[in-house]
2 protein chains.
Amino acid sequence: MASFSRTAHVSIKDIARAAGVSHSTVSRALQGVPVVKRETAERIQQIALEAGYTASAVARSLVTRKTRTIGVVVTTITDPFHHEIISGVDEVASEWGYSVILADSRADPEREIRVVRSFHERRVDGIIVMSSRVGALYMPMLTEMKVPIVIVNNQRGAEEDFVHSVTIDNVEAARIATRHLVELGHTRIAYLGNLLGVYSDTERFAGYRHALMDANIPFQARLVAHCQNRPEDAMVAMRNLLTLPQVPTAVFCYNDLLALGVLKASGGGVRVPHQISIVGFDDLFFASFLDPSLTTVQQPKKEMGRLAMDLLFRLLRGEEVEKTIHVKGTLIVRDSTAPPPT
Amino acid sequence: MASFSRTAHVSIKDIARAAGVSHSTVSRALQGVPVVKRETAERIQQIALEAGYTASAVARSLVTRKTRTIGVVVTTITDPFHHEIISGVDEVASEWGYSVILADSRADPEREIRVVRSFHERRVDGIIVMSSRVGALYMPMLTEMKVPIVIVNNQRGAEEDFVHSVTIDNVEAARIATRHLVELGHTRIAYLGNLLGVYSDTERFAGYRHALMDANIPFQARLVAHCQNRPEDAMVAMRNLLTLPQVPTAVFCYNDLLALGVLKASGGGVRVPHQISIVGFDDLFFASFLDPSLTTVQQPKKEMGRLAMDLLFRLLRGEEVEKTIHVKGTLIVRDSTAPPPT
DNA sequence: TTGTACGCGTTATCAA
DNA sequence: TTGATAACGCGTACAA
């Protein structure tokens with residue numbers, strides 16, 4: 001049962017023999033090169049079909065020096081934010097006959113190195129990076145491969161020549177989200193950010209502070225907390241915030257995953273939004289199904305994936321392209337925000 | 001800026017020249033074949049390092065006839081159930097230096113064909129299928145590639161010789177979940193299933209009916225609904241159930257994604273679990289953070305991914321393996337279930 | 001319109 | 001211990 005005979009795939013030569021022509025004619029016929037006489041071409045194609053011939057991408061890659069393969073790195077496969085992006089990437093890639101090699105770096109230096117090596121060995125034509133955090137050696141190694149790189153949600157490394165990116169304007173989006181809370185009348189607004197020193201976190205935090213400044217609300221460091229990108233950690237962080245002498249009346253979260261934990265920590269639907277308002281970021285699939293439904297900043301995630309892949313293709317074609325593509329975030333007001341308690 | 005010189009990768013020959021030896025010696029030195037004289041080996045490795053040499057996996061694959069690549073198909077990349085499984089697959093795969101090519105079939109026949117072709121062309125060493133539904137032609141095409149195939153969550157096609165699988169016992173797990181409701185005192189228990197004619201849905205439905213029979217509760221067809229695998233559709237389905245003359249007091253959902261919508265449709269935390277109990281399946285990451293937290297059947301998802309990849313490796317090594325690996329589901333009782341209203 | 005010959009970067013088999 | 005030499009399956013310039 002478990003014997004997989006080293007299946008000698010039928011090759012171009014096999015069907016050349018069967019058709020009584022040379023293998024180069026077969027190659028041309030199968031590629032659809034017009035010089036081949038129509039009849040022979042059709043005969044060859046017929047034979048190839050019957051023989052169940054499938055061209056070997058590896059042999060072809062060896063000579064064309066292109067693999068029609070792109071590498072995609074993520075920090076955690078299980079981060080729901082990535083999925084729609086990957087989905088968009090895959091859509092465009094497969095439209096053009098490209099395959100996606102997925103790799104998980106875990107933001108672990110050792111694994112990052114392995115991923116880069118693997119991509120290099122496999123001679124991927126390009127790379128898309130969705131790692132939210134990258135080790136210091138990472139980008140340099142990546143760029144050393146001399147293949148185009150597109151980063152989704154910008155971060156350090158975007159300065160390098162070969163690196164392009166797709167991102168939303170985190171500062172502005174965070175500002176709008178925070179302003180929404182300000183306009184509702186909140187003044188004690190907390191920020192719950194991400195631990196890893198992520199670029200987008202820094203930006204969203206900046207947007208948060210901007211909004212406070214705009215409204216002449218003094219910034220209070222004690223209203224800021226950071227935690228790992230997991231709802232359980234957000235719960236803990238939120239509980240701490242709730243022990244403050246001056247409890248915040250609103251929390252702006254780095255993303256929906258954290259908001260999920262914050263919502264839980266706030267307990268029982270009673271207190272949100274009437275005692276505490278909560279705003280997330282990303283608009284993940286569950287945001288509208290929470291109770292209360294989550295006010296959040298929607299990112300066009302699938303579109304971002306498509307744009308990233310488009311950008312990569314244009315780079316592969318050697319076209320001149322913009323260094324960074326900005327997409328717009330949209331504040332979606334739902335039921336987790338309301339005026340502060342009086 | 002956008003010019004990627006057809007980077008002539010340094011080859012084994014280049015460093016052979018630099019080292020003043022033949023390319024075969026270089027090959028041996030780099031592979032660590034012991035026959036090479038220690039000094040020469042070290043010198044070669046040094047030179048290779050300095051030259052930034054990275055072996056070409058494609059050239060190697062051409063001769064070894066192995067790509068160290070496995071193809072993974074999913075029906076939708078954005079289904080959260082798949083992520084932890086993929087994560088497990090990736091963990092084990094990368095441990096052994098294998099890469100994962102991810103492809104999305106969308107349960108669309110045309111795309112399924114493209115995926116298979118692509119896998120075949122790329123000469124993947126094995127395939128893991130997580131498509132919840134597969135077209136009639138799909139499995140036959142897949143098996144025609146004569147590479148080992150492992151299906152996660154069994155389904156039609158598992159009879160074929162080359163096909164192995166990893167799955168939980170859906171019937172039993174569903175039975176336990178339903179029994180939990182029965183034991184709480186429910187008698188009007190609805191089942192919300194998946195539309196696509198998924199095998200696992202059929203099984204879970206069977207488990208549901210078993211549990212009813214065990215308790216001598218008559219089966220009522222009107223308490224059964226089916227919808228697409230999206231919370232928004234589950235909402236609609238649930239609203240319909242709520243219009244029944246005899247409203248159900250509990251709903252067993254095909255999975256957590258549907259439960260998410262059902263929870264929402266049941267509205268405002270007030271009615272769940274006191275008027276309606278809800279049970280899900282999968283224990284996705286958000287289940288414990290919902291309000292009320294969701295009672296559900298936990299599947300060891302990451303472990304299933306690891307097992308699937310393990311199984312595949314054993315098949316690749318030509319070992320005798322079990323046709324199906326069963327894992328255990330665990331009912332996790334949380335706050336979405338309670339005795340029916342009196 | 002077709003065939004010959006060579007090369008892509010490795011591994012593997014012989015001899016030396 | 002090392003070096004020729006031949007594959008692997010395909011694309012392609014050149015010749016016929």
Side-chain angles (χ1 to χ4, degrees), chain A residues 6-45 47-48 51-69 97 117-118 120-125 145, chain B residues 6-45 47-48 51-69 97 117 120-125:
Chain A
R6 277 289 126 250
T7 314
H9 287 275
V10 311
S11 83
I12 214 178
K13 285 182 189 167
D14 296 323
I15 82 151
R17 199 174 309 122
V21 296
S22 75
H23 80 274
S24 34
T25 301
V26 174
S27 174
R28 287 185 282 247
L30 263 30
Q31 280 179 82
V33 177
V35 293
V36 187
K37 197 208 290 181
R38 199 185 185 89
E39 305 158 27
T40 29
E42 282 170 358
R43 189 163 49 90
I44 289 174
Q45 285 158 0
I47 294 178
Y53 170 80
T54 313
S56 162
V58 0
R60 177 183 296 142
S61 294
L62 191 56
V63 33
T64 63
R65 299 167 146 292
K66 287 174 190 167
T67 55
R68 293 189 146 251
T69 283
R117 274 193 60 84
S118 162
H120 198 176
E121 284 184 354
R122 303 208 119 87
R123 302 292 192 260
V124 298
D125 292 339
M145 289 179 55
Chain B
R6 275 292 124 250
T7 315
H9 287 277
V10 310
S11 83
I12 213 177
K13 286 182 188 168
D14 296 322
I15 82 150
R17 200 174 308 122
V21 295
S22 76
H23 78 273
S24 25
T25 302
V26 174
S27 174
R28 287 186 281 248
L30 263 29
Q31 281 180 81
V33 177
V35 293
V36 187
K37 197 207 291 181
R38 200 186 185 87
E39 305 158 28
T40 29
E42 283 170 358
R43 189 163 50 88
I44 288 174
Q45 284 158 0
I47 294 178
Y53 170 80
T54 313
S56 162
V58 1
R60 176 181 297 142
S61 293
L62 189 56
V63 34
T64 63
R65 299 165 146 292
K66 287 175 189 164
T67 55
R68 292 188 147 253
T69 284
R117 274 193 60 84
H120 198 177
E121 285 186 354
R122 303 210 120 87
R123 301 294 191 260
V124 297
D125 293 338

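What you see is a predicted model, and the numbers here were worked out from it, not measured in a lab. Below, read A as the first sequence line, B as the second, and so on, with proteins coming before strands; counting in each chain starts at 1. Basis for what follows: all heavy atoms, side chains included, without hydrogens, waters or symmetry-related copies.
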Chemist: Taking only the side-chain nitrogens and oxygens of B:Thr25, find out if one of them lies under 4.0 Å from OP1 or OP2 of D:dG3.
Modeler: yes

Chemist: Assign A:Ser56 to base, sugar-phosphate, or nothing according to its heavy-atom contacts below 4.0 angstrom with the strands shown.
Modeler: sugar-phosphate

Chemist: Does B:His23 get its side chain close enough to the base of C:dT11, under 3.5 Å, for a donor-acceptor pair?
Modeler: yes

Chemist: Does a side-chain N or O from B:Ser22 land closer than 4.0 Å to OP1 or OP2 of D:dT2, or not?
Modeler: no

Chemist: Find which nucleotide of DNA chain D each of B:Pro34 and B:Leu62 is nearest to by heavy atoms, and output the residue with the more 5' nucleotide.
Modeler: B:Pro34

Chemist: Mapping B:Tyr53 and B:Arg28 onto DNA chain C by nearest heavy atom, which one lands closer to the 5' end?
Modeler: B:Tyr53

Chemist: Which residues in residues 35-44 of chain B have at least one heavy atom lying under 4.0 Å from any atom of DNA chain C?
Modeler: none

Chemist: Within a strict 4.5 Å, meaning less than it, do heavy atoms of the A:Val26 and A:Tyr53 side chains meet?
Modeler: no

Chemist: Can you check the B:Arg60 CZ to D:dC8 P distance for me, whole Å?
Modeler: 19 Å

Chemist: Would you check if B:Arg68 and B:Arg60 make a side-chain contact, meaning some heavy-atom pair closer than 4.5 Å?
Modeler: no

Chemist: Nearest-Å distance, NZ (A:Lys13) to C1' (C:dT2)?
Modeler: 18 Å

Chemist: Using OP1 and OP2 only, check whether a side-chain N or O of A:Ser27 sits under 4.0 Å from D:dG11.
Modeler: yes

Chemist: Write down the distance between CZ (B:Arg123) and P (C:dT10), rounded to a whole number of angstrom.
Modeler: 21 Å

Chemist: Establish, with yes or no, whether the OP1 or OP2 oxygen of C:dT10 is under 4.0 angstrom from a side-chain nitrogen or oxygen of B:Gln31.
Modeler: no

Chemist: Could you give the angle between the helix axes at the two ends of the helix from C:dT1-D:dA16 to C:dA16-D:dT1, with five pairs per end, rounded to 10 degrees?
Modeler: 40°

Chemist: Rounded to the nearest angstrom, tell me the gap between atom NE2 in A:His9 and atom C1' in D:dA7.
Modeler: 17 Å

Chemist: Test of understanding: with side chain to side chain donor-acceptor pair (under 3.5 Å), list the residues that count as partners of B:Ser61, not counting sequence neighbours.
Modeler: none

Chemist: Mind checking if A:Ser24 touches a base, just sugar-phosphate, or nothing, with heavy atoms under 4.0 Å?
Modeler: base

Chemist: OP1, OP2 of C:dG9 versus side-chain N and O of A:Arg65: anything below 4.0 Å?
Modeler: yes

Chemist: Is there a side-chain contact between B:Leu30 and B:Gln45, using heavy atoms and a 4.5 Å cut-off?
Modeler: yes

Chemist: If you define the side chain from C-beta out and look only at heavy atoms, does anything of B:Val35 sit under 4.5 Å from B:Arg28?
Modeler: yes

Chemist: Please give me the minimum heavy-atom distance between A:Thr67 and A:Val124, naming the atom from each residue.
Modeler: OG1-CA, 3.7 Å

Chemist: Using a 4.0 Å heavy-atom cut-off, does A:Val21 contact any base of the nucleic acid, only the sugar-phosphate backbone, or nothing at all?
Modeler: sugar-phosphate

